[in-house]
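Report on the following structure.
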Amino acid sequence: QVQLVESGGGLVQPGGSLRLSCAASGSIFSINAMGWYRQAPGKQRELVAGITSGGTTYYSNSVKGRFTISNTNAKNTVFLQMNSLKPEDTDVYYCAATTGSRTIPTGPINFWGQGTQVTVSS
């Protein structure tokens, strides 16, 4: 089992920045990819960014050039640096991890965090 704990969400003005963190614990040796998804009420959860254990990154078109995903050398913490935030980035952001033959972006996801709210508003 893997446990994921997110932090760093909050309220920010348009054009501002936030940094999300996700710390993994438990069977972290089994993780082969981690990523960030987001979901608005009544909408499907969508992939924002992902990073594999080999360092390959993936970004959705809507955040490319504004968001950066990275991880620690131990690969048990993943970060999402969000710059030039827009009101449409307002969502609950979920950390995700895959193990075994699953990966990101193809999925499906094995483990989810509890989510952290990001609100972009003036």
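You'll find the side chain of L20 stays beyond 4.5 Å of the side chain of Q81, heavy atoms only. With a 4.5 Å cut-off on side-chain heavy atoms, V78 and S70 do not count as touching. Looking at heavy atoms from C-beta onward, R102 lies in side-chain contact with P108 at the 4.5 angstrom threshold. R38 is not listed as a side-chain neighbour of T116, based on a closest heavy-atom distance of 4.5 Å or more. For the pair D89 and R66, the minimum side-chain heavy-atom distance is below 4.5 Å.
Hydrophobic clustering (side-chain heavy atoms under 4.5 Å, transitive across Ile, Leu, Val, Met, Phe, Trp, Tyr) keeps I109 apart from M34. I31 is connected to I69 through a chain of hydrophobic side-chain contacts under 4.5 Å among Ile, Leu, Val, Met, Phe, Trp and Tyr, so both are in one cluster. L47 and F111 fall into different hydrophobic clusters, defined by Ile, Leu, Val, Met, Phe, Trp and Tyr side-chain heavy atoms under 4.5 Å apart, directly or through other members. Y93 and I104 are not part of a single hydrophobic cluster, where members link through side-chain heavy atoms under 4.5 Å apart. Hydrophobic cluster membership differs between L4 and V92, with clusters built from Ile, Leu, Val, Met, Phe, Trp and Tyr side chains linked at under 4.5 angstrom.
Contact detail for S21 and W36: the closest heavy-atom pair is O-CH2, 3.5 Å. Smallest separation of non-hydrogen atoms from N71 and T52: ND2-O, 4.3 Å. Here the closest heavy-atom approach between residue A24 and residue V2 is recorded as CB-CG1, 4.3 Å. Residues Y59 and K64 come closest through the heavy atom pair O-CE, 3.6 Å. The heavy-atom pair separating N83 from S17 by the smallest distance is OD1-OG, 2.9 Å. The heavy-atom pair separating P14 from S121 by the smallest distance is CD-C, 3.6 Å.
For R45 and Y94, the positive end sits near the middle of the six-membered ring, less than 6.0 Å away and at most 45° from its axis.
Summarising the geometry, atom CD1 belonging to I28 is positioned 10.5 Å from atom CD belonging to Q3; distances are rounded to the nearest 0.5 Å. Rounding to the nearest 0.5 Å gives a distance of 8.5 Å between CG of L85 and OG1 of T90. Going from atom CG of N32 over to atom OG1 of T103 covers 5.0 Å, rounded to the nearest 0.5 Å.
Distance alone, capped at 3.5 Å, is enough to place a donor-acceptor pair between the E6 side chain and the C95 backbone. Checking side-chain atoms of N76 against main-chain N and O of S25 turns up no donor-acceptor pair under 3.5 Å.
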Exercise. So V118 and L18, side chain to side chain contact (heavy atoms under 4.5 Å, CB included) or not? Walk me through it.
Worked result: CA-CA 9 Å; V118 172; L18 277 177; 3.9 Å; yes

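With respect to the salt-bridge test (charged N to carboxylate O, under 4.0 angstrom), the residues K43 and D91 do not qualify.
E88 CD: more than 12 foreign heavy atoms inside a 6.0 Å radius.
W112 and Y37 have their aromatic ring centers within a separation under 6.0 angstrom.
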